[in-house]
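Here is the structure we will look at, set down as structure tokens.
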Amino acid sequence: MSSSSVDFSDFRLCGWRVRSELSLPEDLAWVGPEQPVDIDIRLGKVPDALIDAVQVTPFLQVAGNGDCRLEVSAAGRYLVRQGREVIVQPAPGATSAEVHVFLLGTVFGLLCHQRGLFPLHASCVRIGDGAVAFCGTSGAGKSTLAASLVRRGHALVSDDVTAIDIGAARGPLVLPAMPRMRLWRDALEALAVPREVLTRDRIELEKYALPVSGIGQFLAEPLPLRAIFLLRSEKAPGLDGASLMPAMEAVALLTGQIYRRRHAEAMGRRSELFQGAARIASSVPVRRLTRQLDLGRLDEVAAMVEELVGL
Amino acid sequence: MWGLNLTALELTAADRVVRSEQCLSTEVDSETVLMSVESGCYGGLDDIGSDIWRRLEKPVSVAELCDGLASEYEADHATIEADVLVFLRGLLQKHMIEIVPG
């Protein structure tokens, strides 16, 4: 990691106060007011297997009480308990970057599920006074469009995973998670961000973790969710467009885009998440946004999004 | 996707039906959205479909269901029963409702 790290300190994720024995990126340092610790991350021994557990993937076990055990040979073992505690046993020789990728990825998703949130696989930007989320398959341009909107002066709320509190009284709230942007390399070049600002995130992916201070401002306050776009890229030239999705399609889309959905279903959240998807679909417009696979036209798509959101 | 379900075709007004436990349902605006846990398939119901769905929360005979609908909708009983049977057979085939034995 390029950023320096602090040991035995407090960090923030989604407004949670996270106390960690494991060093985390400095840009996640807790700067908020004095409040009780929500989540403890500790170094320790993780058992070979959980008792009474289902093997959800070759890497993940979920126990009857919702506790999860993740094992990735290059990074190590992670035990995630009750949304409050994470035990990390790094693999011999694992770098902190390797340990962080899974801690700030899958483990973060598991914590969201254990804490009753709706983590959507989406990038999210503040437009006006609300949050706008972008879903889509890998390569559809979520992060790229988010970065383009940030460059137009909007603040980044979440990248990669958008944590939504569906229980909030006045409608779904987005809880900003971490100030990193993951962009495809060609997209970065179109945005003209100097390559040396970046650190490689995961060797096999042509993606980089970009400290957000490089291109705009990161936001920490919860924001009302205002709209969701499903991105679809078209290679063929033609008009870009955005159509409102019918309720059923919107619920199906949102359910399908839940981050670490199989893990959550193994925790028994299927019905809760389905209800959550319906709550989101009845609260905000969900649109399918088709755009051409042409990075030179990013600004036009960004402007269309601004107009649709009513800026 | 689903095999032909003979019970669905044989459904009559005398049968009692209820929502299937493996079917999740929720309302979005005035629409009801259904999801089959087993197959992961989705379905959507309009206003009248949603009304019928609400009446299927507890076991009810098809005849009783039609009586209730006839008192609220302006259509003759025979038309309602024919439409309801088609609707319910569709839900049965997708395992979103089930026939209550006995």
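In the text below, chain A, chain B and the rest are named by the order of the sequence lines, each starting its count at 1. All values reported here derive from a predicted model rather than from experimental measurement. Just so you know, these numbers use all the heavy atoms, side chains as well, and skip hydrogens, waters and symmetry mates.
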Original post:
CZ of A:Phe59: more than 12 outside heavy atoms within 6.0 angstrom?
Top reply: no
Subject >> Inter-chain contacts: residues 42-53 of chain B against chain A, heavy atoms under 4.5 Å >> reply: B:Tyr42, B:Gly43, B:Gly44
Original post:
Counting heavy-atom pairs under 4.5 Å to chain A, which of B:Thr32, B:Asp29, B:Val33, B:Leu34 comes out on top?
Top reply: B:Val33
Original post:
Does B:Glu72 CD have over 12 foreign heavy atoms under 6.0 Å away?
Top reply: yes
Original post:
For chain B, which of A:Ser282, A:Ala277, A:Ser283 has the most heavy-atom pairs under 4.5 Å?
Top reply: A:Ser282
Original post:
When only heavy atoms count and the cut-off is under 4.5 Å, which of residues 13-27 of chain B reach chain A?
Top reply: B:Leu24, B:Ser25, B:Thr26, B:Glu27
Subject >> Nearest heavy atoms of A:Ala247 and B:Val28, plus distance in Å >> reply: CB-CG1, 3.6 Å
